[in-house]
Amino acid sequence: MVAKRGYNRDTIRGGASDWDVSRPFSSYLRLLAQLLVHPIRFFELLPRVPDLRAPGLFLAFSGLLSAPVWFAFEGIIPALAVLVLPLPLSFAVAGLCYLGIFGGRFGYFVSWRTVAYPIGFSLPLAGVPGLRWLAIAYAGLILLPTGLAVVREIGLIRAAAGPVIVTGLLVFVLWRVV
């Protein structure tokens, strides 16, 4: 892709791995497949801008698509929670991960963009009882450390410190609640 003068892959709105609002379903499926099959490539192409729109809308869309799955398997309360909690949960997880992996090239909002997509990825899969723990483990132990290492440009071991602890805490809480 040839960028116009003054733009690069980090400043062009709607980058290659961002969720495209104009094509929500096809973009959602493409993004989920890319996170499952080529996570490193996804995070390499993720724009390093502190724009909250695309990831925030992706989380809202993931919640809308996940609510029927959670309703079918767990009932009304978890379905309503999946509609309301993804955005605040992503901010909290990103904050803990950001504090846990001091340093790196980009700040909190770029870290949040990196955290938002794995959380949205795991929402519908976590609603299915047989896939719940696998989806959470993949998002928290594979996608988050990989994404933070690639996006923040730090080592994988250092990038894994925050997400592994946060995922462990979330799994413990979910295990007690569910």
Side-chain angles (χ1 to χ4, degrees), residues 10 15 17-19 31-32 34-36 39-40 42-67 70 74 77-128 131-178:
D10 295 339
S17 68
D18 254 344
W19 182 64
L31 194 142
L32 294 183
Q34 195 171 13
L35 277 171
L36 186 62
I40 293 174
F42 172 83
F43 289 115
E44 285 175 345
L45 296 175
L46 189 67
R48 272 79 163 166
V49 294
D51 187 9
L52 307 178
R53 291 175 292 185
L57 290 171
F58 174 74
L59 284 172
F61 191 75
S62 293
L64 286 173
L65 294 180
S66 302
W70 280 87
E74 299 295 332
I77 302 297
L80 291 174
V82 124
L83 287 173
V84 178
L85 291 179
L87 193 59
L89 178 67
S90 69
F91 282 121
V93 169
L96 292 172
C97 289
Y98 182 74
L99 292 173
I101 51 168
F102 53 89
R105 185 164 173 223
F106 298 99
Y108 169 77
F109 288 111
V110 174
S111 295
W112 175 77
R113 287 178 67 90
T114 307
V115 168
Y117 288 109
I119 288 176
F121 168 84
S122 66
L123 281 178
L125 299 174
V128 180
L131 293 176
R132 177 170 296 140
W133 305 113
L134 184 64
I136 292 171
Y138 181 72
L141 302 177
I142 304 294
L143 291 179
L144 285 178
T146 302
L148 290 169
V150 169
V151 171
R152 303 268 319 267
E153 299 176 4
I154 58 176
L156 185 59
I157 303 273
R158 194 167 117 197
V164 168
I165 293 169
V166 171
T167 301
L169 290 172
L170 287 175
V171 166
F172 178 74
V173 168
L174 276 175
W175 177 60
R176 291 302 214 181
V177 172
V178 178

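The shortest heavy-atom contact between Arg48 and Phe43 is NH1-O, 3.2 Å. In plain terms, the two heavy atoms of Pro50 and Phe109 that are nearest each other are CB-CB, 3.7 Å. Minimum interatomic distance between Tyr98 and Tyr108 (heavy atoms only, all atoms of both residues): CE1-N, 3.6 Å. For the residue pair Tyr138 and Pro39, the shortest heavy atom distance occurs at OH-CG, 3.9 Å. Nearest heavy-atom pair across Leu87 and Gly56 is CD1-CA, 4.3 Å. When all heavy atoms are compared, the tightest approach of Ile101 to Cys97 is CG1-O, 2.8 Å.
With rounding to the nearest 0.5 angstrom, the CD1 atom of Ile136 is 11.0 Å from the CG atom of Leu131. To the nearest 0.5 Å, atom CD1 of residue Ile119 and atom OG1 of residue Thr114 are 11.0 Å apart. Distance check: Tyr117 OH to Leu35 CG gives 9.5 Å after rounding to the nearest 0.5 Å.
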Q: Please lay out, stage by stage, how Leu36 and Phe121 fare under the test side chain to side chain contact (heavy atoms under 4.5 Å, CB included).
A: CA-CA 9 Å; Leu36 186 62; Phe121 168 84; 4.0 Å; yes
**Q.** Full working for side chain to side chain contact (heavy atoms under 4.5 Å, CB included) between Val49 and Val110
**A.** CA-CA 6 Å; Val49 294; Val110 174; 6.0 Å; no
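For Ile40, the side chain to side chain contact (heavy atoms under 4.5 Å, CB included) partners two or more places apart in sequence, or in a different chain, are Glu44, Thr146, Val150. With sequence neighbours excluded, the residues that form a side chain to side chain contact (heavy atoms under 4.5 Å, CB included) with Val82 are Ser66, Ala67, Trp70, Leu123. With sequence neighbours excluded, the residues satisfying side-chain hydrogen bond (donor to acceptor under 3.5 Å, both in side chains) with Ser111 are Arg152. Under the rule for a side chain to side chain contact (heavy atoms under 4.5 Å, CB included), Val84 has no partner lying at least two apart in sequence or in another chain. Residues satisfying the side-chain hydrogen bond (donor to acceptor under 3.5 Å, both in side chains) criterion with Ser90, sequence neighbours excluded, are Trp112. The side chain to side chain contact (heavy atoms under 4.5 Å, CB included) check on Phe61 picks up Trp19, Pro24, Phe25, Tyr28, Leu65, with sequence neighbours excluded.
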Which side-chain N or O atoms in residues 155-174 pair as donor and acceptor under 3.5 Å with protein atoms at least two apart or in another chain?
unit_1: Arg158; atom_1: NE; unit_2: Phe102; atom_2: O; d: 3.4
unit_1: Arg158; atom_1: NH2; unit_2: Phe102; atom_2: O; d: 2.7
unit_1: Thr167; atom_1: OG1; unit_2: Gly140; atom_2: O; d: 3.3
unit_1: Thr167; atom_1: OG1; unit_2: Pro163; atom_2: O; d: 2.7

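Residue pairs satisfying the salt bridge (Lys or Arg N to Asp or Glu O under 4.0 Å) criterion with at least one member in residues 110-119, sequence neighbours excluded, are listed as follows: Asp18-Arg113. Judged as a salt bridge (Lys or Arg N to Asp or Glu O under 4.0 Å), not a single pair has a partner in residues 164-174 (not counting sequence neighbours). Pairs passing the salt bridge (Lys or Arg N to Asp or Glu O under 4.0 Å) check and including a residue from residues 78-88, sequence neighbours excluded, do not occur.
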